[in-house]
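Worksheet for the structure shown next.
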Amino acid sequence: MKILKKDAVRVARDLIGWQFLVRENDGQLTGGIITETEAYKSTDAASHTYKGKTARNSVMFGPAGKIYVYFTYGKHWCVNIVTGKEDDGQAVLIRSIQATHNLELMRQRRKNKSDTELTNGPAKVCQAMAITGADYGQIIGNGRFFLLPSKKTNKLTIKATTRIGITRDTHRMWRFILQNR
DNA sequence: ATGGGGATCGTCT
DNA sequence: GACGATCCCCATC
């Protein structure tokens, strides 16, 4: 997918408003509209690729369009979309979506949390969409994962802020949030 | 509505 | 052996 081959910071902004979906075993689609993202690059001390290639982060070194999933805090999975050129070591973290497909299944997986708490965090998105380490390296578009362009004809209002939950390179304005949601 | 602290384990030092 | 690209619970306002 062409949009994903650009710089992660650009892609993180561009993906706001796109639909992020998975196909369930029964063929149904689950997911929603991307409302919050963050960019991570190898030149960035907050990135998993900052210290070079390892077994865990290898998929981040390309090609673009693959899924990078990681396990964190002993409990949670988080999902990224690999971006950039071959060997760049960059990706966009999906931090939040606005649920549009298969709400009932997502509520069930999220233990019937309120709708505002359904998919408003990176690990919550993975819980609701049942994304785990089994999805590591999946290619978007011809398997379980799908990205569909924004249907909005009017321009979206997108706010840039510093990233969440990191301790290094905290000043970078690489978090993008859809306004008026 | 907001904030502090505990849980928990794979990955890297 | 330490530390997270986090979530949840509970206390307080």
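Only a predicted model underlies this, so the values are computations on that prediction, with no experimental measurement involved. Just so it is clear: chains get the letters A, B, ... in the order the sequence lines come, proteins before strands, and each one is counted from 1.
- Applying a 4.0 Å cut-off to non-hydrogen atoms, the residues of residues 53-67 of chain A that approach DNA chain B are Thr54(A), Arg56(A), listed by residue number.
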Pairs under 3.5 angstrom, nitrogen or oxygen only, protein versus nucleotides 2-7 of chain B, please.
unit_1 : atom_1 : unit_2   : atom_2 : d
dA7(B) : N3     : Lys75(A) : NZ     : 3.3

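- Checked against dA5(C), dC8(C), dG10(B), the side chain of Phe71(A) finds its nearest nucleotide in dG10(B).
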Practice task
Start with the C-alpha distance between Val22(A) and Leu29(A), add both sets of side-chain angles, then the distance that settles side chain to side chain contact (heavy atoms under 4.5 Å, CB included), and finish with yes or no.
Solution key: CA-CA 6 Å; Val22(A) 291; Leu29(A) 293 173; over 6 Å; no
Practice task
Test side-chain hydrogen bond (donor to acceptor under 3.5 Å, both in side chains) on Thr35(A) and Gln98(A) and set out the steps.
Solution key: CA-CA 6 Å; Thr35(A) 55; Gln98(A) 182 185 89; over 6 Å; no
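- Within the structure, a side-chain polar atom (N or O) of Thr167(A) is placed less than 4.0 Å from OP1 or OP2 of dG4(C).
- Stacking of Tyr70(A) onto the six-membered ring of dA5(C) is not present when judged by under 5.5 angstrom between centres and under 30° between planes.
- Ala12(A) is linked by a side chain to side chain contact (heavy atoms under 4.5 Å, CB included) to Thr37(A), Ala39(A), Val92(A), Phe176(A), counting only residues two or more places apart in sequence or in another chain.
- A distance of 9.0 Å separates OG1 in Thr30(A) from NE2 in His101(A), rounded to the nearest 0.5 Å.
- Heavy-atom distances under 4.0 Å link DNA chain C to no residue of residues 125-136 of chain A.
- Considering only side-chain N and O atoms, Arg110(A) lies under 4.0 angstrom from the phosphate OP1 or OP2 of dC8(C).
- When heavy atoms are screened at a 4.0 angstrom cut-off, Ala46(A) is found touching base atoms of the nucleic acid.
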In a table with atom names and distances, give each donor-acceptor pair under 3.5 Å that connects a side chain of residues 138-145 of chain A to protein atoms at least two apart or in another chain.
unit_1    : atom_1 : unit_2    : atom_2 : d
Arg144(A) : NE     : Asp135(A) : OD1    : 3.0
Arg144(A) : NH2    : Ala130(A) : O      : 3.0
Arg144(A) : NH2    : Asp135(A) : OD2    : 3.3

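- Around OH of Tyr50(A), the count of heavy atoms belonging to other residues, nucleotides or ligands within 6.0 Å does not exceed 12.
- At whole-Å resolution of the value, CD1 in Ile164(A) and P in dT6(C) are 8 Å apart.
- The OH atom of Tyr40(A) sits 12 Å away from the P atom of dG4(C) (whole-angstrom rounding).
- Rounding to whole angstrom units, CZ of residue Arg95(A) and P of dA5(C) are separated by 11 Å.
- OP1 and OP2 of dA5(C) both lie 4.0 Å or more from every side-chain N or O belonging to Arg175(A).
- For the pair Leu118(A) and Ala128(A), the tightest heavy-atom approach, listed with the atom from each and the gap, is O-CB, 4.3 Å.
- Applying the side chain to side chain contact (heavy atoms under 4.5 Å, CB included) criterion to Lys159(A), with sequence neighbours excluded, gives Thr161(A), Gln179(A).
- Across residues 11-21 of chain A, not one residue has a non-hydrogen atom less than 4.0 Å from an atom of DNA chain C.
- Pairing analysis of DNA chain B (Watson-Crick: purine N1 to pyrimidine N3 plus N6-O4 or O6-N4; G-U wobble: N1-O2 and O6-N3; both under 3.5 Å) yields stems of 3 or more pairs at B:1-7 with C:6-12, B:9-12 with C:1-4.
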Exercise for the section: Let me see the working for Glu38(A) and Arg95(A) under salt bridge (charged side-chain N to carboxylate O under 4.0 Å, His left out), right down to the final yes or no. Expected result: CA-CA 7 Å; Glu38(A) 279 176 3; Arg95(A) 283 197 61 84; 3.7 Å; yes
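- Glu117(A) places its CD atom 14 Å from the C1' atom of dC10(C), with the value rounded to the nearest Å.
- Computed from coordinates, the Trp77(A) CH2 to dC9(B) P distance equals 12 Å when rounded to whole Å.
- Within the model, atoms CD1 of Ile94(A) and OG1 of Thr119(A) stand 11.5 Å from one another, a figure rounded to the nearest 0.5 Å.
- Legend: side chain to side chain donor-acceptor pair (under 3.5 Å) pairs involving residues 5-20 of chain A, not counting sequence neighbours, sorted by first then second residue: Asp7(A)-Lys41(A), Arg10(A)-Asp14(A), Gln19(A)-Thr100(A).
- Distance NE2 (His48(A)) to C1' (dT13(B)): 16 Å, rounded to an integer number of Å.
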Handout entry: side chain to side chain contact (heavy atoms under 4.5 Å, CB included) evaluation trace for Thr162(A) with His171(A)
Key = CA-CA 6 Å; Thr162(A) 53; His171(A) 63 286; 5.5 Å; no
Practice task
Determine, stepwise, if the pair Asp44(A) / Arg168(A) fulfils salt bridge (charged side-chain N to carboxylate O under 4.0 Å, His left out).
Solution key: CA-CA 8 Å; Asp44(A) 153 31; Arg168(A) 292 164 295 177; over 6 Å; no
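- Checked against salt bridge (Lys or Arg N to Asp or Glu O under 4.0 Å), Glu117(A) has the following partners two or more places apart in sequence or in another chain: Lys124(A).
- We find that NZ of Lys51(A) is positioned 15 Å from C1' of dA5(C), with the value rounded to whole Å.
- Here Tyr68(A) is tied into one hydrophobic group with Tyr40(A), Val59(A), Met60(A), Tyr70(A), Val82(A), Leu93(A), Tyr136(A), Ile166(A), each link being a pair of ILVMFWY side chains closer than 4.5 Å.
- The residue Ile166(A) sits close only to the backbone: its heavy atoms come under 4.0 Å of sugar-phosphate atoms, none of a base.
- With distances taken from any side-chain atom of Lys113(A) to the nucleotides dT6(C), dC7(C), dC9(C), the minimum falls on dC9(C).
- Here salt bridge (Lys or Arg N to Asp or Glu O under 4.0 Å) pairs that include residues 69-84 of chain A, with residues two or more places apart or in two chains, number zero.
- Looking at heavy atoms from C-beta onward, Gln28(A) lies out of side-chain contact with Arg23(A) at the 4.5 angstrom threshold.
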